[in-house]
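Down below is the structure, laid out as structure tokens.
Numbers for residues simply follow the sequence, beginning at 1. Worth knowing before you read on, the calculation uses all heavy atoms, side chains too, and leaves out hydrogens, waters and symmetry mates.
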Amino acid sequence: MSERGDHAKDIWQAVALSADIGKRPKRLLFEGAPLVLFRSVQGIAALFDRCPHRLVELSTGKVVGGEIECPYHGWRYDGEGRCTAIPGHVGAMPRYRVRRYAAIERDGVVFISSGAPQGEPYLHCMQGKDVIVRRVRSSTQSTVIDAAENILDATHTHFTHKGLLRGLTSKRHLVRVEVTGGEGWVEACYTGEDRQQGLISRLLEGERAKTVGRFRHPGIAELEYWAKHGLVLATTFHLRQADEHTVEGVGWLIGRRQGLLGELKALALKPLFNIALHQDRRVLKSASDNARFAPQALPVTGPLDFLRRDIAAIMEGKLPAAAGEPRVHQIEL
């Protein structure tokens with residue numbers, strides 16, 4: 001196991017939009033465990049979603065004075081997980097606790113960790129730059145590796161997203177694909193396709209110099225569309241396995257500033273992206289449902305699945321093959 005694998009718990013993972021955490025607590029699954037998020041006196045808090053008294057879900061209770069109150073007997077817990085009140089009890093408070101998870105808010109997104117992460121969470125591929133962003137969340141019936149590969153796979157767009165990301169014709173271009181990688185990341189850079197003919201490309205993009213698809217540990221999928229003058233569009237999606245069959249995602253849609261034109265493009269990007277997300281969600285669900293029939297089978301890694309094996313290696317805490325030997329391919333796209 002690599003050093004990174006030994007410290008796999010000590011990482012920040014995006015789990016919700018800040019806007020999702022209001023006056024009421026929010027329940028979610030994290031690494032197979034139920035958690036409750038709420039706003040405490042100290043800030044965003046994440047606790048194991050179970051009152052130790054009678055094991056009731058704390059998330060079905062309410063937030064009172066920055067503490068979460070169990071709906072059964074009114075026991076309260078602060079953001080550190082300490083029991084602060086037992087209605088009717090007289091005398092010193094017993095030292096009951098609920099497991100606390102590290103939690104932080106950055107750029108409109110809530111991150112949590114089951115370990116002791118150091119430093120700030122990674123946000124998106126253009127963090128620190130003067131760009132326009134829109135934040136989104138999603139839930140898909142799939143696995144992290146399948147969902148990530150779907151985001152980064154260029155070849156399915158001719159079929160799943162025909163007319164939206166690709167044109168309606170069968171015309172293709174000869175494209176060069178360079179695959180590189182390193183500790184915890186792998187990417188494919190596509191050059192040679194000057195312009196796509198889909199609706200999103202026509203409205204929001206224009207002439208293209210290159211496209212980059214990147215995977216980062218532990219489950220971050222990024223797409224970048226570059227013109228000669230710089231970045232045009234980008235997406236960064238943080239994916240995690242909420243349960244055996246469900247992948248939760250939190251992401252950023254990113255565009256460059258162009259004054260009023262840039263703001264108008266940003267308004268169009270989110271609804272158009274949601275259409276593409278719905279199309280991907282439908283095909284991923286179909287694959288997930290169909291995989292449950294006997295006999296069990298693993299998906300075939302085809303000759304155009306450039307990142308699949310590298311993503312799997314990264315998720316296992318290993319160095320991707322592309323780190324030691326960059327690869328160059330030619331495909332029709």
Quiz item: Once you round to the nearest 0.5 Å, how far does NE2 of His217 lie from NZ of Lys318?
Solution: 14.5 Å
Exercise. Decide whether Leu277 and Leu284 are clustered together by the hydrophobic rule: side chain heavy atoms of Ile, Leu, Val, Met, Phe, Trp, Tyr closer than 4.5 Å, transitively.
Key: no
Exercise. Compare every heavy atom of Pro71 with every heavy atom of Glu57, then report the nearest pair and how far apart it is.
Key: O-CD, 3.8 Å
Quiz item: Any salt bridge between Arg100 and Glu80, counting N to O under 4.0 Å?
Solution: yes
Practice problem: Go through the steps to decide whether Leu253 and Val133 satisfy the test side chain to side chain contact (heavy atoms under 4.5 Å, CB included), and finish with yes or no. | Solution: CA-CA 5 Å; Leu253 311 179; Val133 299; over 6 Å; no
Quiz item: Rounded to the nearest 0.5 Å, how far does CG of Asp280 lie from CG of Asp146?
Solution: 12.0 Å
Quiz item: Can you check whether Pro87 reaches His73 side chain to side chain, under 4.5 Å on heavy atoms?
Solution: no
Quiz item: Is any side-chain heavy atom of Lys129 less than 4.5 Å from a side-chain heavy atom of Ile254?
Solution: no
Quiz item: Under 4.5 Å between any side-chain heavy atoms of Pro299 and Asp305, yes or no?
Solution: no
Practice problem: List the atom of Pro25, the atom of Leu58, and the distance in Å for their closest heavy-atom pair. | Solution: CG-O, 4.4 Å
Quiz item: How far apart are the closest heavy atoms of Val15 and Leu37, and which atoms are they?
Solution: CG2-CD1, 4.1 Å
Quiz item: Any side-chain heavy atom of Gln127 sitting closer than 4.5 Å to one from Arg106?
Solution: no
Self-check item: Parallel, tilted or perpendicular, as decided by the 30° and 60° cut-offs, for the rings of Trp75 and Tyr96
Solution: parallel
Quiz item: Looking only at atom types and distance, does a side-chain atom of Ser113 sit under 3.5 Å from a main-chain N or O of Asp10, one as donor and one as acceptor?
Solution: no
Quiz prompt | Non-hydrogen side-chain atoms of Glu120 and Ile104 separated by less than 4.5 Å | solution = yes
Practice problem: Give the ring-plane orientation class for Phe273 versus Phe237, where under 30° counts as parallel, over 60° as perpendicular and anything between as tilted. | Solution: parallel
Self-check item: For the student: nearest non-hydrogen atoms of Ala16 and Lys26, plus distance
Solution: CB-CE, 4.4 Å
Exercise. Could you go through the side chain to side chain contact (heavy atoms under 4.5 Å, CB included) check for Gln241 and Thr143 one step at a time?
Key: CA-CA 7 Å; Gln241 200 75 45; Thr143 62; 3.8 Å; yes
Practice problem: Following the transitive rule for hydrophobic clusters with a side-chain heavy-atom cut-off under 4.5 Å over Ile, Leu, Val, Met, Phe, Trp and Tyr, establish whether Leu47 and Tyr72 coincide in one cluster. | Solution: no
Quiz item: Would a distance-only check, ignoring hydrogens and angles, find a side-chain to backbone donor-acceptor pair under 3.5 Å from Asp49 to Ser59?
Solution: yes
Quiz prompt | Distance-only polar pair, side chains of Asp289 and Gln141, donor-acceptor under 3.5 Å | solution = yes
Self-check item: Shortest non-hydrogen contact from Ala14 toward Val250
Solution: CB-CB, 4.0 Å
Practice problem: Evaluate side chain to side chain contact (heavy atoms under 4.5 Å, CB included) for Tyr190 paired with Ile331, printing each intermediate quantity in order. | Solution: CA-CA 10 Å; Tyr190 298 78; Ile331 64 170; 4.2 Å; yes
Quiz prompt | Side chains of Glu224 and Trp226, donor plus acceptor under 3.5 Å | solution = yes
Self-check item: Donor + acceptor pair across side chains of Thr84, Asp78 (<3.5 Å)
Solution: no
Quiz item: Nearest heavy-atom pair of Ala234 and Cys125: which atoms, and what distance?
Solution: CB-SG, 3.8 Å
Quiz item: Is there a donor-acceptor pair under 3.5 Å between the side chain of Arg327 and the backbone N or O of Phe306?
Solution: yes
Quiz item: Any donor-acceptor pair under 3.5 Å linking the side chain of His238 with the backbone of Leu123?
Solution: yes
Exercise. Could you tell me whether Lys210 and Glu178 make a salt bridge, using a distance below 4.0 angstrom between a side-chain N and a carboxylate O?
Key: no
